[in-house]
Amino acid sequence: YLKLDLEGYGVSDFGSTKEILAIGDKIGAENAQRFKDLANELNIKPEDHQSINLTPDSIILKTIIVTGNLLVPQKLVLSKLNLPYGKKISQKDIERGILRVYGINSFKKVLYNIRLDPEDHGKFKLHIIIEEKSPTNLKASVHFDNLFSAGIVLNFTLRNILGRGSRALFIGDISENPRFRFDYLKYFGTKERFALNFVYNFLRLDIPQYTDGKKIDELGSTTNKFTAQVRTTHSLRHTFVGGLSYSLDRSKFNFSNIVREEIKSGDFNNFQLSVGYIQNSTNNRNYATKGRETLLYVKYIFNNRYSVNF
(Lines give C-alpha, C1' and ligand atoms only; values in the text may rest on other atoms or scores of the structure.)
Protein backbone atom coordinates (compact mmCIF):
# COMPACT_ATOMS: atom_id res chain seq x y z
CA TYR A 1 0.00 0.00 0.00
CA LEU A 2 1.38 3.39 -1.03
CA LYS A 3 -0.06 6.53 0.49
CA LEU A 4 0.00 9.53 -1.82
CA ASP A 5 0.58 12.99 -0.44
CA LEU A 6 -2.62 14.65 -1.66
CA GLU A 7 -2.83 17.32 0.99
CA GLY A 8 -4.57 20.38 -0.43
CA TYR A 9 -6.64 18.41 -2.96
CA GLY A 10 -10.28 17.33 -2.54
CA VAL A 11 -12.81 15.17 -4.35
CA SER A 12 -14.06 18.22 -6.28
CA ASP A 13 -10.66 19.26 -7.70
CA PHE A 14 -11.38 18.06 -11.23
CA GLY A 15 -9.31 20.88 -12.66
CA SER A 16 -6.15 19.56 -10.94
CA THR A 17 -6.06 16.21 -12.77
CA LYS A 18 -2.58 16.74 -14.23
CA GLU A 19 -1.09 17.74 -10.87
CA ILE A 20 -2.62 14.73 -9.08
CA LEU A 21 -1.44 12.33 -11.80
CA ALA A 22 2.07 13.83 -11.56
CA ILE A 23 2.14 12.96 -7.85
CA GLY A 24 1.17 9.37 -8.70
CA ASP A 25 3.86 9.16 -11.39
CA LYS A 26 6.49 10.37 -8.96
CA ILE A 27 5.54 7.84 -6.25
CA GLY A 28 5.40 5.08 -8.87
CA ALA A 29 8.88 5.93 -10.19
CA GLU A 30 10.33 5.99 -6.67
CA ASN A 31 8.90 2.50 -5.96
CA ALA A 32 9.38 0.95 -9.41
CA GLN A 33 11.97 -1.57 -8.16
CA ARG A 34 9.71 -2.70 -5.34
CA PHE A 35 6.96 -3.39 -7.88
CA LYS A 36 9.36 -5.45 -10.00
CA ASP A 37 10.59 -7.47 -7.01
CA LEU A 38 7.00 -8.18 -5.92
CA ALA A 39 6.03 -9.23 -9.46
CA ASN A 40 8.97 -11.65 -9.64
CA GLU A 41 8.10 -13.06 -6.23
CA LEU A 42 4.48 -13.69 -7.31
CA ASN A 43 5.55 -14.81 -10.79
CA ILE A 44 3.49 -12.04 -12.46
CA LYS A 45 4.50 -11.24 -16.00
CA PRO A 46 4.13 -7.65 -17.22
CA GLU A 47 1.27 -6.93 -19.61
CA ASP A 48 0.61 -3.97 -21.85
CA HIS A 49 -2.37 -1.91 -20.67
CA GLN A 50 -4.02 0.90 -22.57
CA SER A 51 -4.04 4.08 -20.49
CA ILE A 52 -7.25 5.88 -19.70
CA ASN A 53 -7.98 8.70 -22.14
CA LEU A 54 -8.83 11.74 -20.02
CA THR A 55 -9.61 13.86 -23.08
CA PRO A 56 -13.04 13.09 -24.61
CA ASP A 57 -13.06 11.99 -28.23
CA SER A 58 -14.20 14.44 -30.87
CA ILE A 59 -17.82 14.02 -31.90
CA ILE A 60 -20.06 14.80 -34.87
CA LEU A 61 -23.16 16.90 -34.21
CA LYS A 62 -26.38 16.05 -35.98
CA THR A 63 -28.69 18.55 -34.28
CA ILE A 64 -28.49 21.52 -31.90
CA ILE A 65 -31.53 22.27 -29.73
CA VAL A 66 -31.90 25.59 -27.91
CA THR A 67 -34.54 26.05 -25.21
CA GLY A 68 -35.37 28.86 -22.78
CA ASN A 69 -34.67 31.74 -25.17
CA LEU A 70 -37.97 33.61 -25.18
CA LEU A 71 -36.47 37.01 -26.01
CA VAL A 72 -33.10 36.37 -27.68
CA PRO A 73 -33.45 35.06 -31.27
CA GLN A 74 -32.29 31.48 -31.80
CA LYS A 75 -30.25 32.44 -34.85
CA LEU A 76 -28.21 34.80 -32.65
CA VAL A 77 -27.48 31.96 -30.22
CA LEU A 78 -26.51 29.59 -33.05
CA SER A 79 -24.38 32.29 -34.65
CA LYS A 80 -22.44 32.80 -31.43
CA LEU A 81 -22.15 29.04 -30.94
CA ASN A 82 -20.68 28.69 -34.46
CA LEU A 83 -20.44 24.87 -34.43
CA PRO A 84 -20.64 22.99 -37.74
CA TYR A 85 -22.88 20.02 -38.49
CA GLY A 86 -21.40 16.84 -39.90
CA LYS A 87 -17.80 17.65 -38.92
CA LYS A 88 -15.79 16.45 -35.94
CA ILE A 89 -15.60 18.94 -33.07
CA SER A 90 -13.78 18.69 -29.76
CA GLN A 91 -14.88 19.41 -26.22
CA LYS A 92 -12.85 22.65 -26.36
CA ASP A 93 -14.78 23.74 -29.46
CA ILE A 94 -18.07 23.27 -27.60
CA GLU A 95 -16.83 25.04 -24.46
CA ARG A 96 -15.60 28.04 -26.47
CA GLY A 97 -18.95 28.19 -28.26
CA ILE A 98 -20.86 28.17 -24.96
CA LEU A 99 -18.65 31.00 -23.68
CA ARG A 100 -19.45 33.03 -26.80
CA VAL A 101 -23.17 32.48 -26.19
CA TYR A 102 -22.82 33.57 -22.56
CA GLY A 103 -20.88 36.62 -23.78
CA ILE A 104 -24.08 38.01 -25.32
CA ASN A 105 -24.69 39.14 -21.71
CA SER A 106 -28.42 38.45 -21.86
CA PHE A 107 -28.43 35.22 -19.84
CA LYS A 108 -28.20 34.26 -16.18
CA LYS A 109 -27.20 30.68 -17.03
CA VAL A 110 -26.19 28.74 -20.12
CA LEU A 111 -26.18 24.96 -19.55
CA TYR A 112 -25.71 22.17 -22.07
CA ASN A 113 -25.68 18.40 -22.43
CA ILE A 114 -24.62 16.04 -25.20
CA ARG A 115 -26.44 12.82 -26.00
CA LEU A 116 -26.05 10.13 -28.61
CA ASP A 117 -28.68 10.32 -31.34
CA PRO A 118 -30.69 7.07 -31.07
CA GLU A 119 -31.67 7.25 -34.74
CA ASP A 120 -28.20 7.91 -36.11
CA HIS A 121 -25.49 6.04 -34.25
CA GLY A 122 -22.16 7.81 -34.16
CA LYS A 123 -23.73 11.29 -34.18
CA PHE A 124 -24.82 13.41 -31.24
CA LYS A 125 -27.41 15.95 -30.14
CA LEU A 126 -26.34 19.14 -28.36
CA HIS A 127 -29.02 20.58 -26.08
CA ILE A 128 -28.48 24.13 -24.79
CA ILE A 129 -30.66 25.26 -21.88
CA ILE A 130 -30.79 29.04 -21.37
CA GLU A 131 -32.08 31.09 -18.47
CA GLU A 132 -32.53 34.67 -19.64
CA LYS A 133 -31.98 37.79 -17.60
CA SER A 134 -34.93 40.05 -16.88
CA PRO A 135 -35.76 42.22 -19.92
CA THR A 136 -35.68 45.30 -17.69
CA ASN A 137 -33.20 46.06 -14.94
CA LEU A 138 -32.64 49.10 -12.73
CA LYS A 139 -29.49 49.59 -10.65
CA ALA A 140 -28.38 52.46 -8.46
CA SER A 141 -25.15 53.40 -6.70
CA VAL A 142 -23.49 56.39 -5.02
CA HIS A 143 -20.02 57.81 -5.66
CA PHE A 144 -17.66 60.52 -4.49
CA ASP A 145 -14.54 61.82 -6.24
CA ASN A 146 -12.65 65.07 -6.70
CA LEU A 147 -13.86 65.63 -10.28
CA PHE A 148 -17.58 64.84 -10.31
CA SER A 149 -18.12 65.33 -6.54
CA ALA A 150 -20.84 63.26 -4.86
CA GLY A 151 -23.65 61.80 -6.89
CA ILE A 152 -26.11 59.02 -7.53
CA VAL A 153 -25.66 56.81 -10.59
CA LEU A 154 -28.75 55.18 -12.12
CA ASN A 155 -28.50 52.39 -14.71
CA PHE A 156 -31.66 51.31 -16.53
CA THR A 157 -31.27 48.43 -18.99
CA LEU A 158 -33.79 47.24 -21.58
CA ARG A 159 -33.15 43.93 -23.37
CA ASN A 160 -35.11 43.02 -26.47
CA ILE A 161 -37.70 45.72 -25.71
CA LEU A 162 -36.71 48.06 -28.57
CA GLY A 163 -36.53 45.17 -31.05
CA ARG A 164 -35.48 41.51 -30.74
CA GLY A 165 -31.77 41.04 -30.38
CA SER A 166 -31.32 44.54 -28.97
CA ARG A 167 -30.04 46.15 -25.80
CA ALA A 168 -30.58 49.72 -24.60
CA LEU A 169 -28.81 51.38 -21.67
CA PHE A 170 -29.84 54.60 -19.94
CA ILE A 171 -27.15 55.74 -17.50
CA GLY A 172 -27.43 58.96 -15.51
CA ASP A 173 -25.22 60.56 -12.89
CA ILE A 174 -27.15 62.97 -10.66
CA SER A 175 -24.47 65.22 -9.22
CA GLU A 176 -23.03 68.76 -9.34
CA ASN A 177 -21.44 67.76 -12.63
CA PRO A 178 -24.18 65.65 -14.23
CA ARG A 179 -23.60 63.01 -16.91
CA PHE A 180 -25.94 61.02 -19.10
CA ARG A 181 -25.39 58.18 -21.58
CA PHE A 182 -27.74 56.38 -23.93
CA ASP A 183 -26.31 53.26 -25.57
CA TYR A 184 -28.35 51.22 -28.06
CA LEU A 185 -27.09 48.05 -29.74
CA LYS A 186 -29.00 45.96 -32.30
CA TYR A 187 -27.75 42.75 -33.89
CA PHE A 188 -28.34 42.29 -37.61
CA GLY A 189 -27.19 40.21 -40.58
CA THR A 190 -27.95 36.72 -41.83
CA LYS A 191 -26.26 35.11 -38.83
CA GLU A 192 -26.48 38.13 -36.49
CA ARG A 193 -22.72 38.65 -36.82
CA PHE A 194 -22.91 42.44 -36.94
CA ALA A 195 -24.34 45.04 -34.60
CA LEU A 196 -25.49 48.62 -35.06
CA ASN A 197 -24.45 50.74 -32.11
CA PHE A 198 -25.82 54.24 -31.40
CA VAL A 199 -24.43 56.21 -28.45
CA TYR A 200 -25.29 59.62 -27.03
CA ASN A 201 -23.13 61.14 -24.27
CA PHE A 202 -23.87 64.29 -22.28
CA LEU A 203 -21.42 65.82 -19.80
CA ARG A 204 -21.61 69.01 -17.78
CA LEU A 205 -18.47 70.22 -15.96
CA ASP A 206 -17.74 73.30 -13.86
CA ILE A 207 -13.95 73.70 -13.72
CA PRO A 208 -12.60 76.30 -11.25
CA GLN A 209 -9.88 78.71 -12.45
CA TYR A 210 -7.19 79.82 -9.97
CA THR A 211 -4.56 82.56 -9.83
CA ASP A 212 -1.99 82.55 -6.99
CA GLY A 213 -4.07 79.94 -5.19
CA LYS A 214 -7.26 82.03 -5.35
CA LYS A 215 -10.33 81.08 -7.31
CA ILE A 216 -11.05 83.83 -9.83
CA ASP A 217 -13.57 82.21 -12.13
CA GLU A 218 -15.29 79.00 -13.11
CA LEU A 219 -15.33 77.51 -16.61
CA GLY A 220 -18.60 75.80 -17.42
CA SER A 221 -18.31 73.16 -20.14
CA THR A 222 -21.15 71.23 -21.77
CA THR A 223 -20.43 68.37 -24.17
CA ASN A 224 -22.88 66.54 -26.42
CA LYS A 225 -21.55 63.67 -28.51
CA PHE A 226 -23.47 61.46 -30.94
CA THR A 227 -21.93 58.28 -32.33
CA ALA A 228 -23.25 55.74 -34.85
CA GLN A 229 -21.11 52.74 -35.66
CA VAL A 230 -21.16 49.17 -36.91
CA ARG A 231 -19.15 46.42 -35.22
CA THR A 232 -18.54 42.72 -35.77
CA THR A 233 -19.86 40.37 -33.08
CA HIS A 234 -18.86 36.87 -34.23
CA SER A 235 -15.88 36.68 -31.85
CA LEU A 236 -15.18 37.71 -28.26
CA ARG A 237 -11.47 37.88 -29.06
CA HIS A 238 -11.47 40.08 -32.17
CA THR A 239 -13.75 42.98 -33.08
CA PHE A 240 -13.71 45.36 -36.04
CA VAL A 241 -15.58 48.64 -35.68
CA GLY A 242 -16.23 51.69 -37.83
CA GLY A 243 -18.48 54.71 -37.61
CA LEU A 244 -19.16 58.45 -37.52
CA SER A 245 -19.29 60.81 -34.54
CA TYR A 246 -20.46 64.39 -34.08
CA SER A 247 -19.30 66.38 -31.08
CA LEU A 248 -20.55 69.75 -29.82
CA ASP A 249 -18.76 71.51 -26.95
CA ARG A 250 -19.96 74.75 -25.41
CA SER A 251 -17.84 76.60 -22.84
CA LYS A 252 -18.31 79.80 -20.85
CA PHE A 253 -16.85 81.52 -17.82
CA ASN A 254 -19.53 81.88 -15.17
CA PHE A 255 -18.24 85.09 -13.60
CA SER A 256 -16.75 86.84 -16.69
CA ASN A 257 -13.54 87.75 -14.87
CA ILE A 258 -11.26 86.38 -17.61
CA VAL A 259 -13.03 87.26 -20.86
CA ARG A 260 -15.13 90.27 -21.86
CA GLU A 261 -18.66 90.40 -20.47
CA GLU A 262 -20.10 90.64 -23.98
CA ILE A 263 -18.94 87.09 -24.73
CA LYS A 264 -21.55 84.68 -23.45
CA SER A 265 -20.01 81.39 -24.61
CA GLY A 266 -17.82 79.67 -27.17
CA ASP A 267 -18.78 76.68 -29.30
CA PHE A 268 -16.57 74.05 -30.85
CA ASN A 269 -17.93 71.19 -32.96
CA ASN A 270 -16.57 68.63 -35.39
CA PHE A 271 -17.19 65.34 -37.15
CA GLN A 272 -15.02 62.27 -36.74
CA LEU A 273 -14.70 59.17 -38.90
CA SER A 274 -13.03 56.20 -37.25
CA VAL A 275 -12.19 52.57 -37.93
CA GLY A 276 -10.69 50.29 -35.35
CA TYR A 277 -9.65 46.85 -34.29
CA ILE A 278 -10.04 45.48 -30.75
CA GLN A 279 -8.22 42.36 -29.54
CA ASN A 280 -9.16 40.93 -26.14
CA SER A 281 -7.42 37.95 -24.56
CA THR A 282 -8.46 38.55 -20.94
CA ASN A 283 -9.71 35.53 -19.02
CA ASN A 284 -12.83 37.33 -17.83
CA ARG A 285 -14.52 40.30 -19.48
CA ASN A 286 -15.87 41.69 -16.18
CA TYR A 287 -13.20 40.75 -13.62
CA ALA A 288 -10.04 39.99 -15.56
CA THR A 289 -7.01 38.64 -13.70
CA LYS A 290 -4.77 38.01 -16.70
CA GLY A 291 -4.59 38.67 -20.43
CA ARG A 292 -4.48 41.88 -22.43
CA GLU A 293 -6.72 44.19 -24.41
CA THR A 294 -5.38 45.96 -27.49
CA LEU A 295 -7.18 48.82 -29.24
CA LEU A 296 -6.03 50.19 -32.60
CA TYR A 297 -7.95 53.14 -34.07
CA VAL A 298 -7.51 55.37 -37.10
CA LYS A 299 -9.47 58.61 -36.83
CA TYR A 300 -10.12 61.41 -39.29
CA ILE A 301 -11.48 64.64 -37.80
CA PHE A 302 -13.03 67.13 -40.18
CA ASN A 303 -15.38 70.10 -40.41
CA ASN A 304 -13.94 71.76 -37.28
CA ARG A 305 -15.90 74.87 -36.40
CA TYR A 306 -15.33 77.47 -33.75
CA SER A 307 -17.78 80.22 -32.89
CA VAL A 308 -18.25 82.85 -30.20
CA ASN A 309 -21.70 83.79 -28.90
CA PHE A 310 -22.29 87.40 -27.81
Side-chain angles (χ1 to χ4, degrees), residues 68-73 75-77 79-80 99-110 130-145 147-189 192-205 222-249 272 274-278 280 282 284-288 293 295 297:
N69 57 316
L70 301 177
L71 298 173
V72 178
K75 66 177 182 178
L76 175 57
V77 176
S79 171
K80 290 293 185 181
L99 286 176
R100 287 193 296 268
V101 171
Y102 191 73
I104 298 174
N105 203 25
S106 293
F107 310 122
K108 289 182 180 179
K109 296 179 181 178
V110 180
I130 290 172
E131 182 180 347
E132 294 181 320
K133 292 181 179 179
S134 171
T136 59
N137 190 21
L138 177 63
K139 295 180 180 180
S141 63
V142 296
H143 73 86
F144 176 80
D145 57 64
L147 180 61
F148 296 99
S149 67
I152 300 174
V153 179
L154 299 176
N155 183 320
F156 183 51
T157 305
L158 299 175
R159 293 185 177 87
N160 301 290
I161 300 297
L162 303 178
R164 291 200 72 187
S166 71
R167 181 222 64 203
L169 295 177
F170 300 84
I171 305 172
D173 184 358
I174 305 172
S175 64
E176 292 183 14
N177 295 297
R179 292 176 290 173
F180 175 77
R181 176 183 177 91
F182 171 69
D183 190 322
Y184 177 78
L185 184 141
K186 176 73 169 67
Y187 291 97
F188 71 94
E192 306 280 351
R193 293 193 173 187
F194 298 92
L196 174 65
N197 189 204
F198 175 78
V199 181
Y200 167 67
N201 282 296
F202 169 84
L203 172 62
R204 167 68 186 180
L205 275 177
T222 302
T223 301
N224 292 274
K225 187 173 183 178
F226 304 85
T227 302
Q229 58 187 7
V230 174
R231 59 176 59 232
T232 60
T233 63
H234 64 281
S235 172
L236 296 178
R237 298 286 185 181
H238 309 278
T239 302
F240 295 91
V241 60
L244 176 68
S245 299
Y246 172 72
S247 180
L248 171 61
D249 296 313
Q272 177 177 285
S274 63
V275 292
Y277 168 73
I278 304 170
N280 190 329
T282 55
N284 188 299
R285 297 181 69 186
N286 298 316
Y287 305 102
E293 184 177 27
L295 295 89
Y297 275 91

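Here the structure is a predicted model, which means the values were calculated and not measured. Residues take their numbers from the sequence shown, with the count starting at 1.
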If you take all heavy atoms of [X] and [Y], which pair is closest and at what distance?
| X | Y | result |
| --- | --- | --- |
| Leu76 | Glu192 | CD1-CB, 3.5 Å |
| Ala168 | Phe182 | CB-CE1, 4.3 Å |
| Ser166 | Lys186 | CB-CD, 3.6 Å |
| Gly151 | Ser175 | CA-CB, 3.7 Å |

Rounded to the nearest 0.5 Å, how far apart are [atom1] of [X] and [atom2] of [Y]?
| X | Y | atom1 | atom2 | result |
| --- | --- | --- | --- | --- |
| Asn160 | Thr136 | CG | OG1 | 11.5 Å |
| Ile130 | Ile104 | CD1 | CD1 | 7.0 Å |
| Leu185 | Arg167 | CG | CZ | 5.0 Å |
| Arg181 | Ile171 | CZ | CD1 | 6.0 Å |
| Leu295 | Tyr277 | CG | OH | 10.5 Å |
| Glu131 | Lys108 | CD | NZ | 5.5 Å |

Keeping [X] on the side-chain end and [Y] on the backbone end, is there a donor-acceptor pair under 3.5 Å?
| X | Y | answer |
| --- | --- | --- |
| Thr233 | Arg193 | yes |
| Glu132 | Val72 | yes |
| Asn280 | Arg237 | no |
| Arg231 | Ala195 | no |
| Asn197 | Tyr184 | yes |

Indicate yes or no: at least one non-hydrogen side-chain atom of [X] is less than 4.5 angstrom from one of [Y].
| X | Y | value |
| --- | --- | --- |
| Ser247 | Gln272 | no |
| Tyr246 | Leu248 | yes |
| Asn201 | Arg179 | no |
| Phe194 | Thr232 | yes |
| Leu154 | Phe170 | no |
| Asn155 | Val153 | no |

| query | NZ of Lys133: more than 12 outside heavy atoms within 6.0 angstrom? | reply | yes
| said: List the residues meeting ring pair (Phe, Tyr, Trp, His ring centres under 6.0 Å) with Tyr297, not counting sequence neighbours, and say none if there are none. | reply: none
| task | Specify whether Phe198 and Phe226 have parallel, tilted or perpendicular ring planes, treating 30° as the upper limit for parallel and 60° as the lower limit for perpendicular. | result | tilted
| said: What I want to check is whether the side chains of Asn224 and Tyr200 have a donor and an acceptor closer together than 3.5 Å. | reply: yes
